[in-house]
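This report refers to the structure that appears directly beneath it.
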Amino acid sequence: MGSAVTHAPAREDLAKDSEPRHGPVKSPRPAELKRRGRRENLAGYLFMSPWIAGFLLLTAGPMVASLYFAFTDYNLFDAPKWIGLDNFSEMFGDPRWRHSVQVTLWYVVVGTPIKLLAALGVALLLAQKRRGQAFYRAAFYAPSLIGASVSVAIVWKAIFSDDAVVDRTQQFFGIDAGGWTGDPDLIIYSLVALTVWQFGAPMVIFLAGLKQVPRELYEAADVDGASKLRQFWNITLPMISPVLFFNVLLETIHSFQIFSSAYIVGGGAGGNSCGPADGTMVYTCYLYVQGFENSRMGLASAMAWMLLVAVALVTAVLFWSQKRWVHYEEGGR
């Protein structure tokens with residue numbers, strides 16, 4: 001019996017079999033690609049339209065309007081009248097405006113470092129493994145969620161008023177200083193205490209940065225006999241310097257924008273809006289007084305743009321200074 005011989009299929013047959021039965025796949029034409037790209041772009045713009053509308057109507061539009069009002073005499077009721085640079089010249093010559101600048105700078109220079117030191121200190125403690133760590137993190141972070149509310153500011157004012165908790169504690173230790181909210185020299189310290197109490201947000205950021213520091217660096221430092229203080233100064237601080245820079249930048253901007261707590265603790269609406277003897281006359285509080293209590297929206301707009309310029313300058317200085325003390329992983333500064 002003869003054996004059947006099978007022949008290998010020819011290359012032409014393989015090529016024909018590999019082609020789809022309905023014919024070769026055609027590449028899309030350039031016109032089709034353009035139409036498809038337009039449809040995709042249109043869908044993207046439709047999804048972005050709520051944000052774009054909100055930005056134009058609630059942010060960009062009011063900013064352009066306030067820039068125009070800054071050069072006008074506008075009282076919210078009559079049509080604005082162009083007066084050029086008169087608002088700025090009046091602002092620079094106003095002693096209460098200069099006082100508000102001094103109070104704001106004092107608050108930023110004193111309150112921000114203390115808040116960051118408290119946040120970093122607690123973050124160093126919570127970075128260590130201990131029982132109930134999740135509870136402590138949540139407990140320390142909670143004030144950051146409610147600290148900016150009006151209700152907390154009202155409670156804070158009550159705590160630091162005459163014959164309240166702080167006053168009675170002082171009397172227990174033989175200090176007869178009275179309530180802080182009624183003293184023009186002490187009321188600003190109650191605002192600093194309130195902002196330090198809200199250290200939870202920067203604490204969480206510091207904690208995330210501490211978790212990224214390699215343990216091998218500390219083990220090598222222990223072998224070399226380095227103390228804990230030297231390890232903190234030479235290892236911890238350089239490694240978390242980008243996080244530190246971010247917190248310094250963010251908290252500095254927030255400090256310049258303080259308003260609700262200063263307004264509520266200072267007394268609220270009326271002749272005592274920003275504390276006794278203008279003790280809590282921060283910049284935004286005086287801006288509110290001029291704009292809404294005195295109905296001088298043109299002057300308030302000029303003050304707002306001066307605040308924007310000041311914050312921008314401070315931000316630029318911080319970014320310039322980071323080259324000297326912020327260390328990144330790739331070795332650059």
Side-chain angles (χ1 to χ4, degrees), residues 103-130 132-153 155-156 188-214 218 228-229 231-262 265 282-284 307 310-329 333:
V103 173
T104 303
L105 290 177
W106 188 94
Y107 176 82
V108 172
V109 172
V110 175
T112 302
I114 297 177
K115 181 178 182 179
L116 293 178
L117 285 175
L120 180 58
V122 176
L124 289 171
L125 294 176
L126 295 180
Q128 304 174 8
K129 293 183 179 180
R130 61 182 71 243
Q133 190 177 48
F135 168 77
Y136 289 117
R137 291 179 182 178
F140 283 120
Y141 181 72
S144 294
L145 300 176
I146 62 176
S149 63
V150 174
S151 59
V152 171
V155 173
W156 205 263
I188 189 66
Y189 291 98
S190 64
L191 292 182
V192 173
L194 178 57
T195 190
V196 172
W197 180 64
Q198 304 171 32
F199 65 83
M203 177 206 69
V204 172
I205 299 175
F206 276 132
L207 191 58
L210 291 172
K211 292 294 184 180
Q212 302 301 319
V213 180
Y218 295 108
K228 295 298 181 181
L229 181 59
Q231 292 180 22
F232 172 77
W233 188 258
N234 293 332
I235 297 177
T236 305
L237 276 184
M239 293 299 296
I240 67 169
S241 58
V243 175
L244 179 60
F245 170 74
F246 177 79
N247 273 333
V248 169
L249 180 64
L250 201 63
E251 295 302 325
T252 300
I253 295 175
H254 286 171
S255 297
F256 274 105
Q257 296 175 339
I258 178 179
F259 169 71
S260 60
S261 58
V265 174
V282 293
Y283 195 93
T284 53
L307 178 61
V311 172
L313 290 176
V314 172
T315 303
V317 171
L318 288 175
F319 271 100
W320 171 80
S321 66
Q322 67 148 347
K323 300 177 182 179
R324 300 177 180 271
W325 60 276
V326 178
H327 304 264
Y328 294 97
E329 291 184 0
R333 291 188 174 184

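Note: His254 NE2 to Leu250 CG = 4.0 Å, rounded to the nearest 0.5 Å. Going from atom CH2 of Trp197 over to atom OG of Ser144 covers 8.5 Å, rounded to the nearest 0.5 Å. With values rounded to the nearest 0.5 angstrom, Leu307 atom CG is found 7.0 Å from Gln257 atom CD. The CG atom of Leu126 lies 9.0 Å from the NZ atom of Lys211; values are rounded to the nearest 0.5 Å.
Partners of Thr315 under the side-chain contact (heavy atoms from CB on, under 4.5 Å) rule, at least two apart in sequence or in another chain, are Leu249, Ile253, Val311, Phe319. Phe206 pairs by the ring pair (Phe, Tyr, Trp, His ring centres under 6.0 Å) definition with nothing, not counting sequence neighbours. Residues meeting the ring pair (Phe, Tyr, Trp, His ring centres under 6.0 Å) test with Phe140, sequence neighbours left out: Phe199. With sequence neighbours excluded, the residues that form a side-chain contact (heavy atoms from CB on, under 4.5 Å) with Tyr189 are Trp106, Trp180, Leu186. Residues satisfying the side chain to side chain donor-acceptor pair (under 3.5 Å) test with Gln133, not counting sequence neighbours, are Arg137. Listed by chain and residue number, Thr252, Phe256, Leu318 satisfy the side-chain contact (heavy atoms from CB on, under 4.5 Å) test with Val314 (two or more places apart in sequence, or in another chain). Legend: residues meeting ring pair (Phe, Tyr, Trp, His ring centres under 6.0 Å) with Tyr136, ordered by chain and number and at least two apart, are absent. Residues that satisfy the side-chain contact (heavy atoms from CB on, under 4.5 Å) test with Ala208, not counting sequence neighbours, are absent from this structure.
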Which atom pairs, donor and acceptor, lie under 3.5 Å between side-chain atoms of residues 231-239 and protein residues at least two apart or in another chain?
unit_1: Gln231; atom_1: NE2; unit_2: Asp222; atom_2: OD1; d: 2.6
unit_1: Gln231; atom_1: NE2; unit_2: Ala226; atom_2: O; d: 3.2
unit_1: Thr236; atom_1: OG1; unit_2: Tyr218; atom_2: OH; d: 2.6

Report, one line per pair, each donor and acceptor closer than 3.5 Å where one atom sits in a side chain of residues 107-122; sequence neighbours left out.
unit_1: Tyr107; atom_1: OH; unit_2: Thr195; atom_2: OG1; d: 3.4
unit_1: Thr112; atom_1: OG1; unit_2: Val108; atom_2: O; d: 3.1
unit_1: Thr112; atom_1: OG1; unit_2: Ser255; atom_2: OG; d: 2.8
unit_1: Lys115; atom_1: NZ; unit_2: Glu251; atom_2: OE1; d: 2.8

> What do the steps show when you test Val317 against Leu313 for side chain to side chain contact (heavy atoms under 4.5 Å, CB included), and what is the final call?
Replying inline: CA-CA 6 Å; Val317 171; Leu313 290 176; 5.6 Å; no
>> Let's go through Phe259 and Tyr283 carefully: what are the C-alpha distance in whole Å and the side-chain angles of both, what is the deciding distance for side chain to side chain contact (heavy atoms under 4.5 Å, CB included) to 0.1 Å, and is it a yes or a no?
In response: CA-CA 8 Å; Phe259 169 71; Tyr283 195 93; over 6 Å; no
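Here the closest non-hydrogen pair linking Ala127 and Leu210 is CB-CD1, 4.1 Å. Contact detail for Leu194 and Ser261: the closest heavy-atom pair is CD2-CB, 3.5 Å.
For residues 252-262, the set of pairs meeting the salt bridge (charged side-chain N to carboxylate O under 4.0 Å, His left out) definition, not counting sequence neighbours, is empty. Under the salt bridge (charged side-chain N to carboxylate O under 4.0 Å, His left out) criterion, no residue pair touches residues 188-198, with sequence neighbours excluded.
Put simply, the side chain of Thr104 never gets that close to the backbone of Val282: no donor and acceptor are under 3.5 Å apart. Proximity of a side-chain donor or acceptor of Trp156 to a complementary backbone N or O of Ser190 within less than 3.5 Å is detected.
There is a side-chain donor-acceptor pair under 3.5 Å between Gln322 and Tyr328.
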